[in-house]
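For reference, the structure is listed below as structure tokens.
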Amino acid sequence: MSEPAPAARLRVIANARPDLSTLVEHVLHLPPLCPATGNPGPGSTLALRYEAGPGLLELFSLDSYVDAFIGHPVVRDMEFFVQTVAQDAANALGQPVTAHADVTFKGLRQGQRVTVTATPQGEASR
């Protein structure tokens, strides 16, 4: 039996106070996603930012979601990873999400910053 797509792991919980203007930012410390290189390197983060509506991204599902990309056969570069995360989160919430990654790389003398803003699309969006 195959593993579900990473997006299927994202959960949304009810916002107890949708009447209040609430800006949410989740900051995730990224694990090494590539088994061959060990990248991204230590200290790499991904922040997801959105205006809370009727739903909020559930914390534990975010960890499980990111872990689903460890050794992922399709998402092979950080730009595509950040684009995918932003789109999946926007679809789950049914509202725009900005994803911002600060990435370090083992074996390179450089880092990378990637920022993507996605709006809901397709059937998955509410």
Side-chain angles (χ1 to χ4, degrees):
M1 182 177 211
S2 65
E3 286 288 314
R9 295 178 182 219
L10 280 177
R11 301 281 179 253
V12 175
I13 60 173
N15 179 357
R17 295 296 307 266
D19 56 313
L20 296 177
S21 176
T22 305
L23 183 63
V24 178
E25 187 169 19
H26 299 274
V27 179
L28 300 121
H29 298 273
L30 294 174
L33 300 174
C34 178
T37 65
N39 283 313
S44 297
T45 60
L46 173 69
L48 299 177
R49 186 178 180 138
Y50 59 93
E51 182 72 32
L56 304 164
L57 289 174
E58 195 270 330
L59 296 175
F60 296 103
S61 75
L62 280 174
D63 277 351
S64 174
Y65 171 76
V66 169
D67 287 348
F69 288 97
I70 296 172
H72 195 278
V74 176
V75 179
R76 303 297 299 165
D77 58 66
M78 290 310 298
E79 298 89 349
F80 187 35
F81 170 72
V82 179
Q83 291 167 340
T84 300
V85 171
Q87 191 63 66
D88 287 349
N91 290 348
L93 286 166
Q95 59 198 54
V97 171
T98 297
H100 177 84
D102 279 309
V103 182
T104 62
F105 294 98
K106 292 181 176 181
L108 296 175
R109 294 183 313 269
Q110 60 181 297
Q112 184 180 42
R113 288 191 178 120
V114 180
T115 302
V116 176
T117 300
T119 56
Q121 65 182 33
E123 291 179 23
S125 65
R126 296 186 174 124

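What you see below is based on every heavy atom in this structure, not just the backbone, and it leaves out hydrogens, waters and symmetry mates.
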So how far is it from [X] [atom1] to [Y] [atom2], rounded to the nearest 0.5 Å?
X: Glu25; Y: Thr98; atom1: CD; atom2: OG1; value: 9.5 Å
X: Leu46; Y: His100; atom1: CG; atom2: NE2; value: 9.0 Å
X: Asp102; Y: Thr45; atom1: CG; atom2: OG1; value: 4.5 Å
X: Arg49; Y: Thr117; atom1: CZ; atom2: OG1; value: 10.5 Å

What are the two closest non-hydrogen atoms of [X] and [Y], and how far apart are they?
X: Ala99; Y: Ala86; value: CB-CB, 3.8 Å
X: Pro18; Y: Gly53; value: CB-O, 3.9 Å
X: Ala52; Y: Val24; value: CB-CG2, 4.0 Å
X: Pro32; Y: Ile70; value: O-CG1, 3.9 Å

Please examine the side chains of [Y] and [X], heavy atoms only from C-beta on, and report whether any two atoms are closer than 4.5 Å.
X: Pro42; Y: His29; value: no
X: Pro120; Y: Leu93; value: no
X: Gln112; Y: Val82; value: no
X: Pro96; Y: Thr119; value: yes
X: Leu48; Y: Leu62; value: yes
X: Leu59; Y: His26; value: yes

[Y] backbone acceptor or donor facing [X] side chain under 3.5 Å:
X: Asn39; Y: Cys34; value: no
X: Tyr50; Y: Ala89; value: no
X: Thr104; Y: Gly41; value: yes

Point to revise | Transitive ILVMFWY side-chain link Val27 to Leu10, under 4.5 Å | key: no
*Could you go through the side-chain contact (heavy atoms from CB on, under 4.5 Å) check for Arg11 and Tyr65 one step at a time?*
CA-CA 9 Å; Arg11 301 281 179 253; Tyr65 171 76; over 6 Å; no
Evaluate the criterion side-chain contact (heavy atoms from CB on, under 4.5 Å) for residue pair Phe81 and His72; output intermediate values, then yes/no. CA-CA 10 Å; Phe81 170 72; His72 195 278; over 6 Å; no
_side-chain contact (heavy atoms from CB on, under 4.5 Å), that's the test. Do Gln87 and Gln121 meet it? Break it down for me._
CA-CA 8 Å; Gln87 191 63 66; Gln121 65 182 33; 3.4 Å; yes
